[in-house]
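First the structure, in the form of structure tokens, and then the observations on it.
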There are 2 protein chains.
Amino acid sequence: MTTTIKDVAARAGLSVMTVSRVLNGERHVSAAAREKVQEAIDALGYRRNVFARGLPGSRSFLICMPIPEMIPDYIAEFQQGAVERCRAEGYHLVVQPYDGQSAMTGEPVAATIASLRPDGFLLLPPMSDNLAVLDTLDQAGVPYARLAPSVEPGRGACVCVDEVEAARAMTAALLDLGHRRIGFIGGPPDHGASAWRLEGYRKALAERGVAADRALEADGDFLFDSGDVAGERLLSQPDRPSAIFAGNDDMALGVMAAARRLGLSVPGDVSLAGFDDGEIASLAWPQLTTVRQPVQAMASAAEAVIAMVESGERAASSRRLDFALVFRGSTAPPA
Amino acid sequence: MTTTIKDVAARAGLSVMTVSRVLNGERHVSAAAREKVQEAIDALGYRRNVFARGLPGSRSFLICMPIPEMIPDYIAEFQQGAVERCRAEGYHLVVQPYDGQSAMTGEPVAATIASLRPDGFLLLPPMSDNLAVLDTLDQAGVPYARLAPSVEPGRGACVCVDEVEAARAMTAALLDLGHRRIGFIGGPPDHGASAWRLEGYRKALAERGVAADRALEADGDFLFDSGDVAGERLLSQPDRPSAIFAGNDDMALGVMAAARRLGLSVPGDVSLAGFDDGEIASLAWPQLTTVRQPVQAMASAAEAVIAMVESGERAASSRRLDFALVFRGSTAPPA
DNA sequence: ACCGCTACTGATAACGTTGTCAATCGCTCT
DNA sequence: AGAGCGATTGACAACGTTATCAGTAGCGGT
């Protein structure tokens with residue numbers, strides 16, 4: 001026995017339509033009616049049924065967020081912010097599992113759109129760069145926000161930090177400390193950030209006239225182990241780097257483990273920098289110098305989608321957030 | 001122009017009701033009809049509209065999971081598993097922000113039930129012990145699964161590890177290594193696990209005839225800083241413990257930081273053990289000895305709720321999962 | 001031939017909300 | 001005074017599905 005709009009209307013002595021109008025804050029409702037309706041709502045503890053609202057096809061008040069198989073620390077934090085913004089705006093956040101393989105076709109997204117009718121999508125990397133998904137969403141006319149996109153930045157609401165600049169700045173900071181041989185460990189190729197960060201790294205070297213050395217660039221996959229492996233390789237070279245900039249925090253800690261195994265001290269023998277500033281960055285020892293992702297501000301992506309939903313506009317927008325370099329114990333001038 | 005059941009019915013030359021019956025796998029449908037409907041569905045790429053399905057009041061196919069303000073590592077992993085199970089069963093997972101304060105009344109949950117009509121709830125600690133929430137859910141007749149509950153285990157589908165036994169086993173392992181003065185750092189009082197883990201710790205000491213010493217028990221809040229503070233206090237004592245068992249990994253790392261500051265080596269001067277086996281446990285140095293939460297198995301909580309939804313039964317159930325002690329570099333025999 | 005049973009099928013009414021359109025009222029403008 | 005307009009209100013249909021109930025056909029037993 002749930003209370004419906006009808007009950008409210010009956011108690012207020014008005015029609016259901018008037019009640020609906022009050023609920024939606026529409027114009028053309030007298031103050032007297034507004035008041036009576038509000039009284040009835042409070043008295044009855046009435047809440048609108050999301051399903052009935054969504055059925056007529058207009059809006060579902062659902063925002064869909066496909067989540068990758070591995071959730072890095074900062075994404076969990078982002079979700080926290082996103083879900084709060086959604087609720088503040090009266091939307092609900094539905095998370096969907098996202099199998100990297102099958103999502104390449106966009107089919108799972110199409111299925112979700114058809115059955116769930118979400119009002120918008122929140123795309124995290126690496127999905128924010130999946131063109132099949134973007135095409136599917138565009139075709140269905142469903143607005144979306146993309147977190148940290150690296151391709152076709154003119155599509156959807158984009159929220160990102162200037163990864164190139166961030167990586168450049170961090171590399172430049174290492175150069176400022178006096179390092180000249182600086183290693184870099186990249187991320188997986190399907191993750192756009194990998195390329196941006198590498199670009200920033202090279203840019204900084206070029207600016208300072210330090211010759212790039214391909215032997216100092218290694219590939220990883222954003223996981224600890226790959227940092228360990230790549231770090232061991234870089235640090236075992238005869239002319240080993242005095243600093244290593246890893247594409248994310250996890251890999252930086254992998255390098256730290258490798259360094260320990262090789263009997264090298266951090267930052268005494270080798271300085272280390274990461275990217276993301278996840279929880280582990282400040283829990284490690286020594287604490288990790290890294291680039292802080294503006295996680296809280298990223299949640300504005302949720303607001304961006306909702307704004308698109310409510311305005312009906314599909315204009316692409318782009319918001320560039322400020323990153324910050326966080327200097328901690330893992331970096332020091334070279335010996 | 002979305003495809004509806006009507007389109008399918010038209011193409012198959014049957015009534016919408018028959019199509020609906022096929023979709024729901026009901027009896028009393030001829031094989032011929034089944035086949036024709038299936039053909040039409042495939043040809044049209046038809047998907048059922050979740051809203052229309054939920055509106056008549058029967059089912060919404062939505063599972064709601066309120067998430068706490070801070071998401072520990074293992075909860076993020078749990079979510080991953082839960083969302084996969086949900087999709088496999090045709091349900092969607094909606095995450096809700098959960099403000100510890102206001103949720104005490106159960107009001108936010110009532111609001112969610114009224115507006116979203118979720119078929120079930122997945123309750124994480126510390127919400128799984130919030131009696132106001134349980135009462136609200138029971139009253140509304142909405143089934144729920146509780147992760148790691150510590151009070152009234154007879155309500156809802158409970159999925160947990162035997163925290164007392166896990167803590168006892170870890171403490172016993174430290175005793176087996178030869179430690180006699182073992183410190184313990186508890187969690188926040190509203191988190192049931194805190195009490196269980198303390199109980200297990202004391203139990204192990206009692207079993208071995210080691211006198212409990214209140215000076216070796218400290219309070220924390222499951223965050224790094226509290227472990228640092230409590231660790232410093234415990235390790236600054238004249239007769240300091242040779243091992244510390246922290247109520248979770250984050251606090252254990254806090255102790256590690258405090259130990260370093262005091263010039264104590266881990267595990268040389270003090271052994272450390274944590275609880276959860278989050279990512280950081282194996283990224284720290286030395287790697288942390290800890291209790292592994294069976295995260296993947298925990299996702300069975302999702303299956304448990306869905307089973308309750310589909311069967312209509314509300315019988316409380318309880319599944320106890322196996323924990324595992326993971327021995328890593330942070331523990332060693334006392335000097 | 002008739003009854004009753006079972007297997008199947010379909011017409012119709014919900015479900016709770018919003019969109020559309022029409023009706024009424026009071027006011028201003030000519 | 002009459003036309004025109006904006007503000008306010010309500011009646012009714014529509015959204016896509018499932019529940020309910022009423023058929024219809026086939027078949028075995030009398």
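All values below come from the heavy atoms of this structure, side chains included, with hydrogens, waters and symmetry mates left out. A note on names: the letters A, B, ... follow the listed sequences, proteins ahead of strands, and every chain is numbered from 1.
Atoms CD1 (B/I41) and C1' (D/dT17) sit 13 Å apart, rounded to a whole Å. The interatomic distance linking B/M17 (CE) with D/dT17 (P) rounds to 12 Å, in whole Å. Atom CZ of B/R34 and atom P of C/dC8 are 9 Å apart (whole Å). Rounded to a whole Å, the CZ atom of A/R47 is 21 Å from the C1' atom of C/dC15. Atom CD in A/E35 sits roughly 13 Å away from atom P in D/dT9 (whole-Å rounding). Atom-to-atom, CZ of B/R53 to P of D/dA19 comes out at 10 Å; the value is rounded to the nearest Å.
Each of B/N49 and B/R21 was matched to the nucleotide of DNA chain D holding its nearest heavy atom; the match closer to the 5' end belongs to B/N49. Residue-to-nucleotide proximity on DNA chain C shows that, of A/F51 and B/A33, the 5′-proximal contact is made by B/A33.
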Report task. Please assess B/N130 against B/R146 for the test side chain to side chain donor-acceptor pair (under 3.5 Å), listing each intermediate value before the final yes or no. Result -> CA-CA 10 Å; B/N130 184 321; B/R146 301 163 66 199; over 6 Å; no
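Residue contacts shown for A/L23 are absent, as no nucleic acid heavy atom lies under 4.0 Å away. At a threshold of 4.0 angstrom between heavy atoms, the contacts of A/F61 with the nucleic acid are absent. A/V29 comes within 4.0 angstrom of sugar-phosphate atoms only, judged by non-hydrogen atoms across all strands, and of no base.
Each end of the helix from C/dA1-D/dT30 to C/dT30-D/dA1 gets its own rotation axis from five pairs of C1' atoms, and the angle between them is 50° to the nearest 10 degrees.
Side-chain contact between A/D119 and A/V142: absent, with no pair of heavy atoms (C-beta onward) separated by less than 4.5 Å. Side-chain contact between A/M298 and A/L321 is present, with at least one heavy-atom pair separated by less than 4.5 Å. Considering only heavy atoms from C-beta on, A/L62 comes within 4.5 Å of A/L116 through its side chain.
OP1 or OP2 of D/dG10 lies within a sub-4.0 Å distance of a side-chain N or O belonging to A/S15. A close approach under 4.0 Å does occur between a side-chain nitrogen or oxygen of B/T18 and OP1 or OP2 of C/dG10. Note on A/R48: every side-chain N or O is 4.0 Å or more away from OP1 and OP2 of C/dT17. Considering only side-chain N and O atoms, B/S30 lies nowhere under 4.0 angstrom from the phosphate OP1 or OP2 of C/dC8.
Contact check on A/D129 versus A/R155 returns no salt bridge, with no Lys/Arg side-chain nitrogen under 4.0 Å from an Asp/Glu carboxylate oxygen.
For A/I5, whose side chain is taken as the heavy atoms from C-beta onward, the closest listed nucleotide among C/dT17, C/dT9, D/dG16 is C/dT17. Of the candidate nucleotides C/dG16, D/dA11, D/dT18, D/dT18 has the atom nearest to the side chain of B/P56. In the set C/dT18, C/dC15, C/dA11, C/dC15 carries the atom at the smallest distance from any side-chain atom of B/L55.
Between B/H191 and B/F222, the angle of the ring planes goes over 60°, which puts this pair in the perpendicular group of the 30/60° scheme.
For B/R53 and B/F61, the positive end sits near the middle of the six-membered ring, less than 6.0 Å away and at most 45° from its axis.
In this structure, the separation between CE on A/M65 and CE on A/M127 is 11.5 Å, given to the nearest 0.5 Å.
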